[in-house]
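Working notes, beginning with the structure itself.
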Amino acid sequence: FGNHAINRIMSGSFYRGVPQGRITALCGPASAGKSFLAANLVLNTQQMEEDSITYIIDSENALDKVFMAGIGADVFRDGYFYASPDTIPQTAKLVSKFIAGYKAQYGAAEDAPRVLIVVDSLDMLMTDAEKKAADSGDMQFDQGQHSRMLKSLLRSWVQDIKTLNISIVVTKQVYRARQDQLLQGEGAWVINDAIRYACSQILLATRLKLKGEK
């Protein structure tokens, strides 16, 4: 992560970050720094291993080449890939094709290049039905279908990467529990079930509220 404190929280070591063969979620409210943390993972992956591969799936245009170059990432090096899909099925196809190509070339060899795939964010990915409805001006969406598709997507990735030198990091918004909001003022953050059951690690990042801040 480029931050010893966060490394220790996530891995138990000051010098390690996210595990290979697993999915890690960076969760939090808007402007909590999820995309920034994800970008720094990309940067440090490049700096730690010359033959590493990074693949950014950018659904909200937060990790474009201008931003990534601004934090020091090499966006022109071999092994740096970028895509900006709109929907969950598009993302599934992109990642599936990438993993299939990686397996064909390297298999599950221990010395295969380390790969970091970043999906920022899951929230902005639409279902095909949502995309079609939005294109036609109909803003009534089935949120249940969206959650089911995300759960299926993450479950498939768990199986796809469990024996490979591939780490997947996703970002996801959280929301307040209504009952806690009524009882305790600000309330507790709630993380979607699809995230909780598919991810090996979840980092909940929130903004520090300074005294006197309005």
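Hydrogens, waters and symmetry mates are skipped; everything else that's a heavy atom, side chains included, is used. FYI, the numbering just counts along the sequence from 1.
To the nearest 0.5 Å, the span separating CE on Met124 from OG on Ser84 amounts to 12.0 Å. One distance of note links CD of Gln20 with CD1 of Ile168; it measures 11.0 Å at 0.5 Å rounding. Between the CD1 atom of Ile191 and the NZ atom of Lys172 there is a distance of 9.5 Å, given to the nearest 0.5 Å. Put simply, CG on Asp86 and CD on Glu130 are 11.5 Å apart, with the number rounded to the nearest 0.5 Å. Asp64 CG to Met68 CE: the interatomic distance, rounded to the nearest 0.5 Å, is 9.5 Å. Considering NZ of Lys103 and CD1 of Ile161, their distance stands at 10.0 Å, rounded to 0.5 Å.
Not a single donor-acceptor pair under 3.5 Å links the side chain of Asn165 to the backbone N or O of Arg114. Formation of a donor-acceptor pair under 3.5 Å by the Tyr102 side chain with backbone atoms of Pro113 is found in this model. Arg155 contributes no side-chain N or O that, together with a main-chain N or O of Tyr197, makes up a donor-acceptor pair within less than 3.5 Å. A donor-acceptor pair is defined here as one N or O able to donate and one able to accept, closer than 3.5 Å; no such pair exists between the side chain of Ser152 and the backbone of Arg148. A side-chain donor-acceptor contact under 3.5 Å links Ser136 to the backbone of Ala133. Under the 3.5 Å distance criterion, the side-chain polar atoms of Gln201 are matched with a main-chain donor or acceptor of Met10. With hydrogens and angles ignored, the 3.5 Å screen pairs no side-chain donor or acceptor of Asp120 with any backbone N or O of Ser35. Of the possible donor and acceptor atoms, none in the side chain of His146 sits under 3.5 Å from a partner among the backbone N and O of Ile88. Lys34 contributes a side-chain N or O that, together with a main-chain N or O of Pro29, makes up a donor-acceptor pair within less than 3.5 Å. At least one donor-acceptor pair under 3.5 Å links the side chain of Ser156 to the backbone N or O of Leu153.
Cluster membership check: Ile195 shares its hydrophobic cluster with Trp157, using side-chain heavy-atom separations under 4.5 Å among Ile, Leu, Val, Met, Phe, Trp and Tyr. The hydrophobic cluster containing Leu125 also contains Val95, counting ILVMFWY residues as joined when their side-chain heavy atoms lie under 4.5 angstrom apart, directly or transitively. By the rule that hydrophobic residues join a cluster once side-chain heavy atoms approach within less than 4.5 Å of another member, Ile9 and Phe14 end up as members of separate clusters. Hydrophobic clustering (side-chain heavy atoms under 4.5 Å, transitive across Ile, Leu, Val, Met, Phe, Trp, Tyr) groups Ile166 together with Leu122. Note on Ile23: it clusters hydrophobically with Ile99, by side-chain heavy-atom contacts below 4.5 Å among ILVMFWY residues.
Closest approach of Gln173 and Ala30 over heavy atoms only: OE1-N, 3.2 Å. Taking all atoms of both residues into account, the shortest heavy-atom contact from Met126 to Ala134 is CE-CB, 3.8 Å. In plain terms, the two heavy atoms of Ile57 and Pro85 that are nearest each other are CG2-CG, 3.5 Å. The two atoms that bring Ala38 and Thr171 nearest to each other are CB-CG2, 4.4 Å, heavy atoms only. Considering every non-hydrogen atom in both Gly28 and Leu204, the closest pair reads CA-CD1, 4.0 Å. Of all heavy-atom pairs between Cys27 and Ile202, the closest is SG-CG2, 3.9 Å.
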Determine, stepwise, if the pair Phe1 / Leu26 fulfils side chain to side chain contact (heavy atoms under 4.5 Å, CB included). CA-CA 11 Å; Phe1 284 90; Leu26 306 179; 4.0 Å; yes
Evaluate the side chain to side chain contact (heavy atoms under 4.5 Å, CB included) criterion for residues Leu116 and Ser52: first the C-alpha distance (whole Å), next the side-chain angles of each, then the deciding distance (0.1 Å), finally the verdict. CA-CA 8 Å; Leu116 174 66; Ser52 62; over 6 Å; no
Before you tell me yes or no, could you show the steps for Arg196 and Asp193 under salt bridge (charged side-chain N to carboxylate O under 4.0 Å, His left out), namely the whole-Å CA-CA distance, both residues' side-chain angles and the distance that decides it to 0.1 Å? CA-CA 5 Å; Arg196 291 197 291 123; Asp193 283 347; 2.3 Å; yes
Apply the test side chain to side chain contact (heavy atoms under 4.5 Å, CB included) to residues Leu94 and Tyr55: give CA-CA distance (whole Å), side-chain angles for both, the deciding distance (0.1 Å), then the verdict. CA-CA 10 Å; Leu94 287 170; Tyr55 190 10; 3.7 Å; yes
I'd like to know whether Lys131 forms a salt bridge (charged side-chain N to carboxylate O under 4.0 Å, His left out) with Asp135, so could you lay out the CA-CA distance, the side-chain angles of the two residues, the decisive distance to 0.1 Å, and finally the verdict. CA-CA 6 Å; Lys131 184 69 166 62; Asp135 289 345; 3.1 Å; yes
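Within 6.0 Å of CG on Asp51 lie more than 12 heavy atoms contributed by other residues, nucleotides or ligands. Counting heavy-atom neighbours within 6.0 Å of Arg77 CZ, excluding the residue itself, gives a total above 12. Heavy-atom contacts from other residues, nucleotides or ligands closer than 6.0 Å to CZ of Phe36 number 12 or fewer.
Taking the six-membered ring where the residue is Trp, Tyr15 and His4 present perpendicular rings, their angle passing 60° and hence far from 30°.
Counting heavy atoms from C-beta outward, Phe67 and Ile71 have side chains that approach closer than 4.5 Å. Within the 4.5 Å cutoff, no side-chain heavy atoms of Thr24 are placed close to those of Ser167. Between Val119 and Ser59 there is no side-chain heavy-atom pair separated by less than 4.5 Å. With a 4.5 Å cut-off on side-chain heavy atoms, Tyr80 and Ile56 count as touching. Proximity of Asn40 to Asn3: side-chain heavy atoms (C-beta onward) are nowhere separated by under 4.5 Å.
When only modelled atom types and interatomic distance are considered, Asp58 and Tyr82 share a side-chain donor-acceptor pair under 3.5 Å.
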